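Reading through the structure tokens given below for one structure.
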2 protein chains.
Amino acid sequence: MEHALKKPAPRAAEKIRAKSGHPAPKAAIRREKEALILKAAEEVFSEFGFRGATTQMIADRAGMPKANLHYYFPTKLVLYRQIIEEIFSIWLEAAQSFDENSDPVEALSRYIDKKMEISRSHPNGSKIWANEVMHGAPIIQDYLETTLRDWTDSRMAIIQRWIDDGLIDPIDPRHLLYMIWATTQHYADFVHQINTLNGGKALSDDQWNCARRDVKIIILKGIGAKGCGDL
Amino acid sequence: MEHALKKPAPRAAEKIRAKSGHPAPKAAIRREKEALILKAAEEVFSEFGFRGATTQMIADRAGMPKANLHYYFPTKLVLYRQIIEEIFSIWLEAAQSFDENSDPVEALSRYIDKKMEISRSHPNGSKIWANEVMHGAPIIQDYLETTLRDWTDSRMAIIQRWIDDGLIDPIDPRHLLYMIWATTQHYADFVHQINTLNGGKALSDDQWNCARRDVKIIILKGIGAKGCGDL
DNA sequence: AAAAATCTTGACCAACTGGTCAGGAATGTT
DNA sequence: AACATTCCTGACCAGTTGGTCAAGATTTTT
């Protein structure tokens, strides 16, 4: 015990606001705190996994006592699920661009670009997803069986049409999708390994451009897509 | 308390051996028990991660009381590290075949085949590795910086020579390696997702052959390797 | 046979973790 | 101003976990 009793200190946030003279509307407080917690939780979950993360760690990183975190999110699982759902929606949204173009080169290029962008700007989400799937998807199994499966089926159909139309070589659409997922997500999930092999530094803008270009070239050329020489 | 006191029951293993009349040499006991524990630990670690796995779970799956496990492996970390090291050696060993052939088509084909084989036969190892790297490689960082980096550098040099000799297109060797790793390991790390998208069933032999073939074709054709039309 | 070394295990413990709660503080409403 | 609502937090608790230990069982050595 360093201090047997402490005088009831005013809350830090209120202190600051008092100085600046602003009020602290309840609605805003809720929004801000929840965002703070979600951000901290995403970091901690991606670094330690669901079980490895403790609500104490998340609370610390969000700058509030643990009890306060539990005031906004009753359980760790609720917090985790909300994060997973947000990640999932980002993934699906990025996938939209896939079918805005009828040309395989255009459609696949954009899709790969978007996926690479997400891997760079949102690596934690990818990691949490990978972690979840690797451990048997205990929490998002229903998503895999419904939304993801539907999405996959429809995109495979599109790819199959390209094959039937002779626009790309006859490969199994499934494995093309897996290769795109695997490769693009690798730059998020294995960013630590990639950085280590890059002399301990994060990839520069140039290196990212190079990665994007090479990934696109190899995949598009690999499936014999017509007219991809000028990427 | 269901039973206040229990008579000292003879150990199960000894019971069986007594029946069969065999003795139980200490050396063999040690070997068998350690192997049993390592096998169980690999399963549990791959399913729950380091922190998610409990020594109790591992002991249960190995069919022995927890205290017995701690007799052979003093701490959970020691057990984990031993497993990681074994996995690492398998990976490097498989990579040997990479430079037994001077022809890029031959060398890369064999390398991809071996990696796909490992993903099918040894998915747990791949998952543990991925988990470890995703969480910042807290335990194997030194391996990444020494052995893996050396290996990567030497292979990149070989690929660069192929490029200089005009045997493959000028892409960044680094990203070719990453693509091979990402794609082949995806079939281990994301096996749950793949199976779910496959109607909940594991890939059949035919499907595996198809995956192997498509992965090889796309990558080899994608880098413009000469003479890979007959894969 | 007896002593030494190794193996086995139930019981136990200290540290930690998710989650609770009471009561005080800030804000909103009348 | 007075009352209601929402927010904040130190203290607390029950369950879990990695790891220990002493005492007994089995095998090896002398």
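This structure is a prediction, so every number in the text was calculated from the model and none was measured. In what follows, every chain begins at residue 1, and chains take the letters A, B, ... in the order their sequences are listed.
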B:Y178 and B:W181 aromatic centres sub-6.0 Å: yes

Non-hydrogen side-chain atoms of A:E132 and A:P138 separated by less than 4.5 Å: yes

Side-chain H-bond candidate by donor/acceptor type, B:W129 with A:Q193, under 3.5 Å: yes

A:K39/A:E43 salt bridge by N-O under 4.0 Å criterion: yes

Sorted by number, the residues of residues 37-60 of chain A with heavy-atom contact under 4.0 Å to DNA chain D: A:R51

Ring geometry between B:Y80 and B:F45 (parallel below 30°, tilted from 30 to 60°, perpendicular above 60°): perpendicular

Five-pair end axes of the helix from C:dA1-D:dT30 to C:dT30-D:dA1 and the angle they enclose, rounded to 10°: 0°

Within-4.5 Å side-chain heavy-atom neighbours: B:H135 and A:N131: yes

Contact residues, residues 63-82 of chain A to DNA chain C [heavy atom, < 4.0 Å]: A:K66, A:A67, A:H70, A:T75, A:K76

Modelled atom types, side-chain donor and acceptor of B:E145 and B:Q141, under 3.5 Å: yes

Ion pair B:D206/B:R213, N-O distance below 4.0 Å: no

C:dT6 OP1/OP2 closer than 4.0 Å to side-chain N/O of B:R30: no

Student check: side-chain heavy atoms of B:R120 and B:L203 closer than 4.5 Å: no

